[in-house]
Q: 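My structure is below; once you've seen it, I'll send some questions.
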There are 2 protein chains.
Amino acid sequence: MLNYQLDQTFAALADPTRRAMVERLVTGPATVSELAAPLPMSLPAVMLHLKVLEKSGLVQSEKAGRVRTCRIEPRMLSQAENWVADRRAMWERSLDRLGALLDSPENET
Amino acid sequence: MLNYQLDQTFAALADPTRRAMVERLVTGPATVSELAAPLPMSLPAVMLHLKVLEKSGLVQSEKAGRVRTCRIEPRMLSQAENWVADRRAMWERSLDRLGALLDSPENET
DNA sequence: CTGATAGTTAAGCATATACTTAAGTATAAA
DNA sequence: TTTATACTTAAGTATATGCTTAACTATCAG
């Protein structure tokens with residue numbers, strides 16, 4: 001019920017800047033500067049977004065020398081995907097039950 | 001790139017109260033009071049969450065007499081699911097390309 | 001060593017979120 | 001027609017979010 005990880009993952013994906021960063025990272029790893037280059041904001045602002053992505057588990061990064069390289073962590077992507085897919089499946093099953101109920105003999109005139 | 005609808009859908013799903021409401025609604029329609037009953041907060045607070053869900057397009061509601069009935073709108077659920085699924089697919093393709101590159105003859109010793 | 005590069009931290013600010021309680025407003029039941 | 005139900009609105013508060021600029025810290029290059 002209380003899934004803190006999901007809170008953070010969905011919250012991370014709710015921001016267009018962070019989705020843009022994810023879009024970049026699904027094509028391969030990138031440095032902080034490379035992530036920031038196309039974004040209309042300061043580098044510290046990008047750092048904050050990166051921190052949110054890392055805390056959610058969607059992104060991991062490591063620093064070598066003075067360069068920090070960021071990469072996607074696909075497990076969290078799957079977790080978010082699965083939560084939504086599961087709920088959509090539940091909804092479809094409940095529709096099926098409704099259909100079966102309406103088709104059942106007890107509902108004939 | 002700028003998908004306002006997705007912002008709102010992911011933001012809506014980022015809150016555990018609202019996910020609980022969605023979980024309830026995928027099993028079938030419910031009134032505001034039914035949605036509120038299991039939740040540890042006041043009715044006006046639930047109304048605010050409902051408003052967020054409606055604005056995102058995940059939930060629709062209509063009032064008959066003094067009762068407002070809420071139901072899931074599965075299209076938005078699909079849209080969120082698809083965004084994540086598509087990005088995961090992109091990530092996998094980029095992994096494949098990397099693999100192909102490492103396997104290619106140019107990389108032999 | 002000296003300077004440029006890549007990132008980081010700090011401080012501050014404006015707006016948005018997630019609630020609360022109190023006071024309504026329709027509708028339906030007795 | 002009084003009273004209860006089901007929601008709705010208003011007003012207020014506390015915390016979180018999304019930025020900014022300025023100042024700082026490590027590298028690495030010449």
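Throughout, a chain's letter reflects where its sequence line sits, starting with A, and its residues are numbered from 1. Model, not experiment: these values are computed from the prediction.
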Q: Nearest whole angstrom, please: distance from the P of C/dA6 to the CD of A/E62.
A: 18 Å
Q: Where the side chain of B/S42 is concerned, which of D/dC19, C/dT21, C/dC19 is the nearest nucleotide?
A: C/dT21
Q: Rounded to the nearest Å, what distance is computed from the NZ atom of residue B/K55 to the P atom of nucleotide C/dA16?
A: 10 Å
Q: Is atom CD of A/Q60 surrounded by more than 12 heavy atoms (other residues, nucleotides or ligands) closer than 6.0 Å?
A: no
Q: Side chains of B/L35 and B/L25: closer than 4.5 Å at any heavy-atom pair?
A: yes
Q: Ignoring hydrogens and angles, tell me if any N or O in the side chain of B/R18 forms a donor-acceptor pair with the backbone of B/A11 under 3.5 Å.
A: yes
Q: To the side chain of B/M41, which of D/dC19, C/dT20, C/dT8 is closest?
A: C/dT20
Q: Starting the side chain at C-beta, find the nucleotide from C/dA18, C/dT8, C/dA22 nearest to A/L43.
A: C/dT8
Q: If you assign each of A/A11 and A/P44 to its closest nucleotide in DNA chain D, which residue comes earlier from the 5' end?
A: A/A11
Q: If you only use heavy atoms from C-beta on, which nucleotide in C/dA22, C/dC19, C/dT8 is closest to the side chain of B/H49?
A: C/dC19
Q: Between B/L50 (CG) and C/dC19 (P), how many Å, whole number?
A: 14 Å
Q: Measure the CE-OG distance between B/M76 and B/S56 for me, rounded to the nearest 0.5 Å.
A: 8.0 Å
Q: Checking contacts here: which listed nucleotide (D/dT9, D/dC19, D/dA6) is nearest the side-chain heavy atoms of A/D15?
A: D/dC19
Q: If you measure from the Lys or Arg side-chain nitrogens to the Asp or Glu carboxylate oxygens, is any gap between B/R19 and B/E23 under 4.0 Å?
A: no
Q: Can you see if the side chain of B/K63 gets near the phosphate of D/dT8 - specifically, an N or O under 4.0 Å from OP1 or OP2?
A: yes
Q: A/R68 has an atom CZ; how far is it from atom P of D/dT27, in whole Å?
A: 12 Å
Q: Kindly point out which of C/dT20, C/dT8, C/dC19 is positioned nearest to the side chain of B/L48?
A: C/dC19
Q: On DNA chain C, compare the nucleotides closest to A/M47 and A/R66; which residue's is nearer the 5' end?
A: A/R66
Q: Within less than 4.0 Å of OP1 or OP2 of C/dT9, is there a side-chain N or O belonging to A/K51?
A: yes
